[in-house]
Amino acid sequence: MPNPINPPLTFKEKVAYGLGDSASNFLYQFLSFFGLNYYTDIFGLGPAEVGTMILMARMLDAVVDPMIGITADRTQTRWGKFRPYLLWGALPYGIIGYVTFMNPAIPAGGKLLYAYVTYSLTWFVYSAINIPYSALMGVMSPSSAERKSISSVRFTCAFIATFFIITYLVPLKNWLGHGNDAEGIRWTILLFSGASVILFWLCFAGTRERVASPRAGTKLLTELRDLSRNPSWIVLFVLGLVLLSSIATRNAAMVYYFKYVAGAESKFSLFTGWGFGAFILGSALTKYFLRLGESRNVLVGLYIVVGALQTAFYFVDPHHFAAIQALNIASNFFAGPQPALLWAMYSDCAAFGEWKFGRRSTGLVFSSAVFSQKAGAAFGGAIAGWLLAYFGFVANRPQTPAAAHGILLLFTIIPGALAILSGVLVLLYPLRDEVMNAVERDLEQRAPAPAGSSPG
């Protein structure tokens, strides 16, 4: 039955929140799928030095993430704690995204420095807006079930944006560049950056903060100590490292797989487009997957199934497009519900922290989650670059058998094994559904009065 004290959010507000992740993905997915390939095949850097750059820049960014979350927890404005960052950060986000891939005419000796500076700034600005955005979900509603619903809509919006990016980036690049890849990327990223700014502002305008959590204390060490004593957070932290290493490695290798192993770069958009169509469908059906059991157990099964399907790519002829497309559709369909379930767990982790320690450090929980995910993505991207160099990859040339096999491993066995390990880790997650139901009831009884929405 609906709770009269905490009524469900409107679908319109859930969609408005989801637009923020659409905005994030215009840059994030470009970096995930095309970042390494851009730097090796268009910008002209070596794969090993790009791998090292990815690791150093993203690890530095990951270290900064908790400070962003701590700052957001202590922010007090008439718009709330987290919404203001959507308003303030949108324009810088769009500008630095464009500058990073504008490919200026600079001497070869200055290219690596330019890449380090702009790539690092890109991830810093991304964090400054995305961490508060992620934490916002934790204060839009006090209900764990409602947060799962918000999370499902959020990731449906994210996947729609991703579908657009991976389906139309290559055609846009070719059309706008007229055969000049660098020029095509420059104009394409300009369109993506402009769309991101508008979507972040729409997200700000259409959402509200309703959970009036206790004001964050000034003793940071106390908050960090409490976080370290939260077993659910420890599991999610390690999971972020492993899971994002899997995703980053496979995404970075995907373009190389089609260009150099399958010999069909033109089919990349068809492959990814159909795959993300299945991903969106799986995400939209999250509530039906939850009918199979409690969320933790469902997530375990999904990770293991997806890992097995990704590993199966290794044994399929890369020139047999129908076979690899069938595996692609299946793996993406079962991957669809995963992000919504995982990010709802982060919200539950913050609520459990308030119940146990008397403070709801939502920003710190989400920033530490992003920290682990970025660290995992940093290692995954770095490993891809280093192994490409190790196996003898040379850009824009036919590859040796060793290099082609290395690309195949990066696309199949390595990410598949890490995905299965992710499923094993989720088995250790302690916040079962009955635990969170009890936590919610207790927190509701403690609250002196229902929190009103913050002014728009």
Query raised in the report: Would you find a donor on one side and an acceptor on the other, under 3.5 Å apart, between the side chain of R83 and the backbone of F204?
Result: yes

**Report entry** Pairwise side-chain hydrogen bond (donor to acceptor under 3.5 Å, both in side chains) hits with a residue in residues 328-340, at least two apart
**Finding:** Q325-N328, N328-N332

Query raised in the report: Does the separation of the ring centres of W233 and F237 fall below 6.0 angstrom?
Result: yes

Query raised in the report: Do F276 and F163 make the cut of ring centroids closer than 6.0 angstrom?
Result: no

Query raised in the report: So, for Y260 and F393, is the gap between ring centers shorter than 6.0 Å?
Result: yes

Requested in this report: Just do the side-chain contact (heavy atoms from CB on, under 4.5 Å) check on L236 and L342 with the steps written out, would you?
Outcome: CA-CA 8 Å; L236 293 176; L342 178 59; 3.9 Å; yes

Report task. Using modelled atom types only, decide if a donor and an acceptor are shared between the side chain of S283 and the backbone of F279 within a distance under 3.5 Å. Result -> no

Query raised in the report: How about W386: does its CH2 atom have over 12 heavy atoms from other parts shown lying under 6.0 Å from it?
Result: yes

**Report entry** Pairwise distance CG(L239) to CG(L299) - rounded to 0.5 angstrom
**Finding:** 7.0 Å

Requested in this report: Check the pair M56, L60 against side-chain contact (heavy atoms from CB on, under 4.5 Å), reporting the backbone distance first and the verdict last.
Outcome: CA-CA 6 Å; M56 294 182 66; L60 176 62; over 6 Å; no

Query raised in the report: Could you state the interatomic distance from CE (M137) to CZ (R154), rounded to the nearest 0.5 Å?
Result: 6.0 Å

Requested in this report: Among Y17, F82, Y28, Y93, find the residue that satisfies the ring pair (Phe, Tyr, Trp, His ring centres under 6.0 Å) test when tested with Y133.
Outcome: Y17

Query raised in the report: Do S245 side-chain atoms and F379 backbone N/O form a donor-acceptor pair below 3.5 Å?
Result: no

Requested in this report: For the residue pair Y257 and T412, confirm or rule out a side-chain donor-acceptor distance under 3.5 Å.
Outcome: no

Query raised in the report: Would you say Y114 has more than 12 foreign heavy atoms packed within less than 6.0 Å of its OH?
Result: yes

Requested in this report: Decide whether K111 and N103 meet the rule of one side-chain donor and one side-chain acceptor closer than 3.5 Å.
Outcome: no

Report task. Please round to the nearest 0.5 Å and tell me the distance separating atom OG of S24 and atom OH of Y126. Result -> 4.5 Å

Report task. Ignoring hydrogens and angles, state whether a donor on the side chain of S269 or T167 is under 3.5 Å from an acceptor on the partner side chain. Result -> no

Report task. Determine whether more than 12 heavy atoms belonging to other residues, nucleotides or ligands lie under 6.0 Å from atom NE2 of H320. Result -> no

Query raised in the report: In terms of ring plane angle, is the pair Y39 and F43 parallel, tilted or perpendicular, where the classes change at 30° and 60°?
Result: perpendicular

Query raised in the report: Can we say E146 and K14 salt-bridge, meaning some charged N sits less than 4.0 Å from an Asp/Glu carboxylate O?
Result: yes

Query - Centroid-centroid distance, F289 to F333, less than 6.0 Å - result: yes

Report task. Taking S246 for its side chain and P415 for its backbone only, find out whether a donor-acceptor pair lies under 3.5 Å. Result -> yes

Under 3.5 Å, sequence neighbours excluded: what are the donor-acceptor pairs made by side chains of residues 174-181?
from: N174; atom 1: ND2; to: V170; atom 2: O; distance (Å): 3.3
from: N180; atom 1: OD1; to: A182; atom 2: N; distance (Å): 3.1
from: N180; atom 1: OD1; to: E183; atom 2: N; distance (Å): 3.1

Report summary line: Result for ring pair (Phe, Tyr, Trp, His ring centres under 6.0 Å) between F34 and one of F101, F268, F192 points to F268

Query raised in the report: Would you find more than 12 non-hydrogen atoms of other residues, nucleotides or ligands less than 6.0 Å from W274 atom CH2?
Result: no

